[in-house]
Amino acid sequence: MPCPYTKKIILTMDSNQNQRSLTAVAMSGGVDSSAVAAMLVQGGFPVVGLTMQLWNQRRLPELDRDGTHGQRCCSLDDVYDAKRVAQHLGMPHYVVNYEQRFEETVVQPFVQEYLAGRTPIPCTHCNNHVKFDPLLVTSRQIGADRLATGHYARIRRNEFTGRYELLRAVDGAKDQTYFLFGLNQEQMSRTDFPLGELDKSAVREIARQASLPVAEKAESQEICFVPSGNYVQFIEAYLGERGEAVPEEEGDLVTTSGEVIGRHRGVHHYTVGQRKGLGIAVGRPLYVVELDHAANRVVVGEDAELRSESCEVRDVNWISFGVLEAPVRATVKIRHRHEPAAATIEPIDATSARVKFDVAQRAITPGQAAVFYSGDVVLGGGWIR
């Protein structure tokens with residue numbers, strides 16, 4: 001029988017289905033997705049576990065010489081843990097290999113974005129192009145009508161508009177909607193986020209009550225394909241493996257007034273807002289305020305020069321409505337740990353918008369996402385130019 005934490009979730013999932021058809025669970029080997037699998041098994045759902053093989057951990061061994069990298073998702077140990085959980089719950093489990101797609105849609109853009117002076121979000125690209133694209137297709141191919149994951153977010157259908165909506169998780173500290181703005185209506189119609197109504201302590205308790213072998217497992221911290229956590233080393237090693245040289249040369253480090261005050265090591269070494277590692281001493285704190293890839297310059301300035309009142313956003317995916325036709329008020333999140341700030345969003349065209357903040361925001365970074373909220377509802381989001 002389901003434990004007390006899961007009863008409401010099971011009722012919600014039942015309301016999303018006419019009958020309890022086969023549900024695929026995206027099992028990463030962590031406590032969150034494992035708890036989801038346990039909840040569904042306890043609730044009487046027919047379940048199959050799917051674990052994605054995304055990156056060959058034997059590649060670029062020079063980045064992990066001592067084997068002491070931090071916790072990261074999607075490692076070989078995680079695959080084994082997912083299989084152990086499935087065996088413990090008595091459910092079928094399969095590993096699906098998406099290495100080629102992951103490299104093409106996540107790893108290569110990650111490298112290209114940094115080389116172009118932008119700061120990418122690989123987890124969002126993975127959600128957009130791997131977890132909620134081919135994984136949903138694979139689920140359907142094996143007869144599963146729905147996909148359940150361990151994300152902290154909520155989905156509901158708006159009875160007035162007929163559209164599916166994405167909402168923040170009840171546990172604000174764990175909310176992952178910032179990384180999920182790319183979901184489309186068809187994907188949301190077939191996806192369940194059972195943890196959206198729970199906090200982390202409740203999820204741990206579900207895992208403990210189910211005696212899951214990962215109940216006390218630590219959370220992943222690192223990017224799955226960057227074992228050392230050093231993205232510059234990864235970029236250079238990855239390009240070297242492909243027989244390519246880092247195309248960036250040293251260039252001028254300049255102030256916002258154009259004064260040359262030093263040399264930089266290549267724009268991929270820097271990100272907007274960075275203070276440490278600039279290699280200069282001018283008697284006052286300076287920060288990276290712009291990466292000028294075309295001129296091969298790193299522009300630095302004082303903290304006040306990091307603040308901007310507006311930004312443009314490309315490749316916008318609107319969730320709550322089809323197309324933005326007139327300015328709308330919202331709160332906008334420009335980083336995962338950023339407190340959403342009040343702003344007006346103006347349409348530029350069908351897939352781009354201009355965000356005008358009520359109060360200037362610090363370190364608006366090209367390559368990061370801007371996600372638009374109305375209360376707990378995600379209106380949509382896109383990529384900062």
Side-chain angles (χ1 to χ4, degrees), residues 1-52 78-79 81-96 127 131-157 164-167 169-171 174 176 180 183 185-200 202-215 217:
M1 292 295 293
C3 73
Y5 289 114
T6 70
K7 290 181 180 179
K8 179 181 178 182
I9 310 304
I10 297 302
L11 288 173
T12 300
M13 291 187 62
D14 275 339
S15 68
N16 292 336
Q17 304 185 33
N18 294 324
Q19 57 183 2
R20 290 189 176 183
S21 55
L22 182 65
T23 297
V25 180
M27 298 182 68
S28 68
V31 64
D32 293 330
S33 60
S34 299
V36 168
M39 291 164 64
L40 298 187
V41 169
Q42 292 172 354
F45 285 84
V47 180
V48 58
L50 297 178
T51 297
M52 297 179 294
D78 290 327
V79 174
D81 283 344
K83 188 167 290 294
R84 284 199 302 151
V85 169
Q87 291 172 343
H88 175 76
L89 294 172
M91 57 182 281
H93 174 261
Y94 303 97
V95 178
V96 290
N127 285 334
K131 290 181 181 176
F132 294 98
D133 196 355
L135 193 59
L136 273 167
V137 172
T138 299
S139 300
R140 179 164 283 169
Q141 289 172 340
I142 64 173
D145 291 330
R146 303 190 65 78
L147 174 69
T149 80
H151 287 95
Y152 286 83
R154 293 177 289 164
I155 293 174
R156 73 180 180 196
R157 187 174 184 274
Y164 288 89
E165 296 178 331
L166 179 67
L167 289 82
V170 168
D171 185 346
K174 296 296 295 180
Q176 291 174 295
L180 296 167
L183 289 175
Q185 290 293 300
E186 195 277 333
Q187 291 167 343
M188 294 172 68
S189 72
R190 297 183 52 217
T191 299
D192 291 301
F193 295 143
L195 305 188
E197 301 285 347
L198 305 176
D199 60 29
K200 185 69 178 191
V203 174
R204 285 281 184 192
E205 185 59 27
I206 290 169
R208 293 181 183 122
Q209 289 191 17
S211 300
L212 299 184
V214 298
K217 185 175 179 178

Looking at [atom1] of [X] and [atom2] of [Y], how far apart are the two atoms once the value is rounded to the nearest 0.5 Å?
| X | Y | atom1 | atom2 | answer |
| --- | --- | --- | --- | --- |
| D171 | Q176 | CG | CD | 10.0 Å |
| E205 | D199 | CD | CG | 11.0 Å |
| K217 | S34 | NZ | OG | 7.5 Å |
| I142 | Y94 | CD1 | OH | 7.0 Å |
| E197 | L167 | CD | CG | 9.0 Å |

For this session: Give a yes or no on whether a salt bridge exists between K83 and D78, defined as a side-chain N under 4.0 angstrom from a carboxylate O.
Result: no
Exercise. Would you call R140-D145 a salt bridge at under 4.0 Å N-O?
Worked result: no
For this session: If the plane angle is over 60° it's perpendicular, under 30° parallel, otherwise tilted; pick one for F132 and F193.
Result: perpendicular
What pair of heavy atoms forms the shortest contact from [X] to [Y], and how long is it?
| X | Y | result |
| --- | --- | --- |
| A153 | A169 | N-CB, 3.8 Å |
| A38 | L212 | CB-CD1, 4.2 Å |
| V214 | V85 | CG2-CG2, 3.8 Å |
| H93 | T51 | NE2-OG1, 2.7 Å |
| V31 | V203 | O-CG1, 4.3 Å |
| A82 | M27 | O-CE, 3.6 Å |

Exercise. For the side chain to side chain contact (heavy atoms under 4.5 Å, CB included) test, which of K200, K174, M39 pairs with L195?
Worked result: M39
Exercise. So L166 and L180, side chain to side chain contact (heavy atoms under 4.5 Å, CB included) or not? Walk me through it.
Worked result: CA-CA 8 Å; L166 179 67; L180 296 167; 4.0 Å; yes
Report yes if the side chains of [X] and [Y] come closer than 4.5 Å at any heavy-atom pair, otherwise no.
| X | Y | result |
| --- | --- | --- |
| I155 | T191 | yes |
| K131 | M52 | yes |
| V25 | L40 | yes |
| T23 | L147 | no |

For this session: Start with the C-alpha distance between S139 and L50, add both sets of side-chain angles, then the distance that settles side chain to side chain contact (heavy atoms under 4.5 Å, CB included), and finish with yes or no.
Result: CA-CA 8 Å; S139 300; L50 297 178; 3.7 Å; yes
Problem set entry | Distance-only polar pair, side chains of Y152 and D32, donor-acceptor under 3.5 Å | yes
Exercise. Is a side-chain donor-acceptor pair under 3.5 Å present for H88 with S211?
Worked result: no
Problem set entry | Any donor-acceptor pair under 3.5 Å from R84 side chain to V79 backbone | no
Exercise. Between V47 and L22, is a side chain to side chain contact (heavy atoms under 4.5 Å, CB included) present by the stated rule, with each step listed?
Worked result: CA-CA 6 Å; V47 180; L22 182 65; 5.6 Å; no
